[in-house]
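Chain A is the first sequence line, chain B the second, and so forth, proteins listed ahead of strands; every chain is numbered from 1.
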There are 2 protein chains.
Amino acid sequence: MDHKFEWQEQRMTTPDGVYRTLRAAILDGTVPPGGQLREAHIAADLGISRSPLREALTKLEEEGLVVKIPYRGAFVVEVSAREVAEIDSVRLLVEPYAAELSAEALRGPERPQLLQTVEDLHRAMEQDDIPASIDAHLRFHRLFYDLSGHGVLQSLWNGWETKLRLHLSVDHRTYSEDPHQLVVEHERLAAVALEGDTDAFRQELAAHFPMGLRAQTGDRGERTPRHV
Amino acid sequence: MDHKFEWQEQRMTTPDGVYRTLRAAILDGTVPPGGQLREAHIAADLGISRSPLREALTKLEEEGLVVKIPYRGAFVVEVSAREVAEIDSVRLLVEPYAAELSAEALRGPERPQLLQTVEDLHRAMEQDDIPASIDAHLRFHRLFYDLSGHGVLQSLWNGWETKLRLHLSVDHRTYSEDPHQLVVEHERLAAVALEGDTDAFRQELAAHFPMGLRAQTGDRGERTPRHV
DNA sequence: CTCTGGTCGATTGTCGACCATTTTCTGGGT
DNA sequence: ACCCAGAAAATGGTCGACAATCGACCAGAG
């Protein structure tokens, strides 16, 4: 087996560097969902001991990108459509609240940032730059949580973003189906957020989500690797 | 259903055991809020090495029960009123949804459990049994999340319960002020939940929370130990 | 052929040690 | 009483080695 993992940047502290390297490898598909991360192998590739590597894996587990099974190993999570639908169903409840809390900042100094993010999304879509569009897409929604000044809301989004990113990276039907539609939706979301119309925001958001939780099959969160 | 032999506890590795031990020690007040957790001392007490202990502390930090300060140590958090208010503000949005999702189970086989929990709370209050009342109180609200069949909602509550329990254990003005009022509120919550009236549930819940987020002073999450 | 039981290699879990970094204590000097 | 340098203690990070466990494979009995 040739070296799968290489240092992507220099000048990083060991555990954090390993963390970022593995995270990038997971998100760009180098390690597929369900794939196993073998400690000895990776440590040898990176030329480090298993201790900092295990710390990096722990961080990835906290973030929800990998699942560790005792005496079995660390596996990349497989985010199910069910789980994404569940996340969206909760976002539908809290994100309008986040938008409401950040309305003041959004109408003031942060207004350019919101518009810029929509613009970034637009450009990325025109050029079919999937990674960039995913990035702008998530940055857009994160904005409301960050600007809400609400610690609990911020931590909620932090727990969701990586899972959403992983899911979007694997399943980009959302983009290929109707690229323009997504941009329009976010323009509308930005507009109603600037108006401070919370109810309208909720309605636009509901339209933005692909489908409701009820439409999902009852496959109860397939979060375990396929070998179990 | 005819699995006669089942491992109730999943494979327990040392860090998990340490994690539960420390968690229990924190929640029952053995280690007071603001108290320090010394690695060497605990490791010697439990007869283990620092490696699994550090992993356990990391898990506690992730859960929000412990704060680690570089080169100073790990301290038990002091949950601020601000953070509880933030949690409640989000619960006000999602808990009615959880109640709605669990309405079916609640009207069916789980109905006795709901009524029993209210009864437990009632008895604990009459006897001024604070720990038992906190337990029944939290069990009541957990019920909606558990029965919702919604994994994300369940994990949300799991992330909140320990912090709420820690806060209630320290500051039980909520109970001493008007013991009977709290029981009545939960009887009403149970009633509207059984009726499936989501809006009424939200209103009762709002009345149940001591005060809104806006009434809080702007002390932005006092999560650091007192020595800082 | 199928099932049981044991062995073996691979992988993770745990340990003790070592050194670096930072904080805290201590004691002398002014 | 104040200040500062040095010592002592605690944590952070890393490593190599050993123990525990799992999955796969294989031999033998029915």
Side-chain angles (χ1 to χ4, degrees), chain A residues 1-5 7 9-22 25-26 31-32 34-62 65-77 224-228, chain B residues 4-22 26 31 34-62 65-77 223-228:
Chain A
M1 187 69 73
D2 40 9
H3 290 352
K4 236 178 172 182
F5 303 96
W7 293 102
E9 303 174 27
Q10 305 170 4
R11 297 284 185 184
M12 291 192 286
T13 68
T14 310
D16 210 45
V18 176
Y19 163 74
R20 280 185 238 192
T21 301
L22 291 183
I26 293 173
V31 189
Q36 183 172 6
L37 300 166
R38 291 183 186 78
E39 294 184 358
H41 184 220
I42 300 175
D45 271 5
L46 271 47
I48 58 171
S49 171
R50 278 173 51 206
S51 304
L53 174 62
R54 284 172 66 85
E55 186 176 331
L57 287 177
T58 299
K59 270 189 102 173
L60 286 170
E61 188 188 24
E62 293 171 19
L65 273 181
V66 311
V67 175
K68 283 171 72 174
I69 303 177
Y71 296 104
R72 295 282 304 281
F75 302 83
V76 179
V77 296
T224 51
R226 59 169 76 100
H227 305 288
V228 180
Chain B
K4 231 180 171 192
F5 302 103
E6 221 171 307
W7 234 258
Q8 187 115 22
E9 302 183 28
Q10 50 186 347
R11 266 271 156 269
M12 183 131 92
T13 164
T14 309
D16 278 318
V18 176
Y19 162 75
R20 290 187 212 191
T21 302
L22 292 181
I26 292 173
V31 188
Q36 184 173 5
L37 300 167
R38 288 189 193 76
E39 290 186 359
H41 186 266
I42 298 175
D45 259 10
L46 299 176
I48 58 169
S49 168
R50 277 174 49 200
S51 308
L53 175 61
R54 279 173 50 81
E55 192 169 326
L57 287 177
T58 300
K59 267 191 126 175
L60 286 171
E61 187 187 22
E62 168 203 347
L65 275 181
V66 160
V67 173
K68 283 165 80 171
I69 303 177
Y71 301 103
R72 293 281 303 277
F75 302 84
V76 179
V77 296
R223 302 187 53 184
T224 52
R226 61 169 77 99
H227 305 289
V228 181

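Side chains of B:T14 and B:E55 form no contact here, defined as non-hydrogen atoms less than 4.5 Å apart. You'll find the side chain of B:I42 stays beyond 4.5 Å of the side chain of B:R38, heavy atoms only. Proximity of A:L65 to A:L22: side-chain heavy atoms (C-beta onward) are nowhere separated by under 4.5 Å. Residues B:K59 and A:T58 form no side-chain contact, since every pair of their non-hydrogen atoms from C-beta on lies 4.5 Å or further apart.
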Check against salt bridge (charged side-chain N to carboxylate O under 4.0 Å, His left out), B:D16 and B:R20: CA-CA 6 Å; B:D16 278 318; B:R20 290 187 212 191; 5.6 Å; no
Could you walk me through whether A:E61 and A:L57 pass the side-chain contact (heavy atoms from CB on, under 4.5 Å) check? CA-CA 6 Å; A:E61 188 188 24; A:L57 287 177; over 6 Å; no
Pairs: protein N or O with nucleotides 11-15 of chain D N or O, under 3.5 Å:
residue: D:dT11; atom: OP1; partner: B:E39; partner atom: N; Å: 3.1
residue: D:dG12; atom: OP2; partner: B:E39; partner atom: OE2; Å: 2.9
residue: D:dG12; atom: OP2; partner: B:R54; partner atom: NH1; Å: 3.4
residue: D:dG12; atom: N7; partner: B:R50; partner atom: NH2; Å: 3.1
residue: D:dT14; atom: OP1; partner: A:T14; partner atom: OG1; Å: 2.9
residue: D:dC15; atom: OP2; partner: A:S49; partner atom: N; Å: 2.7
residue: D:dC15; atom: N4; partner: A:S51; partner atom: OG; Å: 3.2

At a cut-off of 3.5 Å, list every protein nitrogen or oxygen paired with a nitrogen or oxygen from nucleotides 4-9 of chain D, distance to 0.1 Å.
none

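Across every non-hydrogen atom of B:A56 and B:P15, the tightest pair is CB-O, 3.7 Å.
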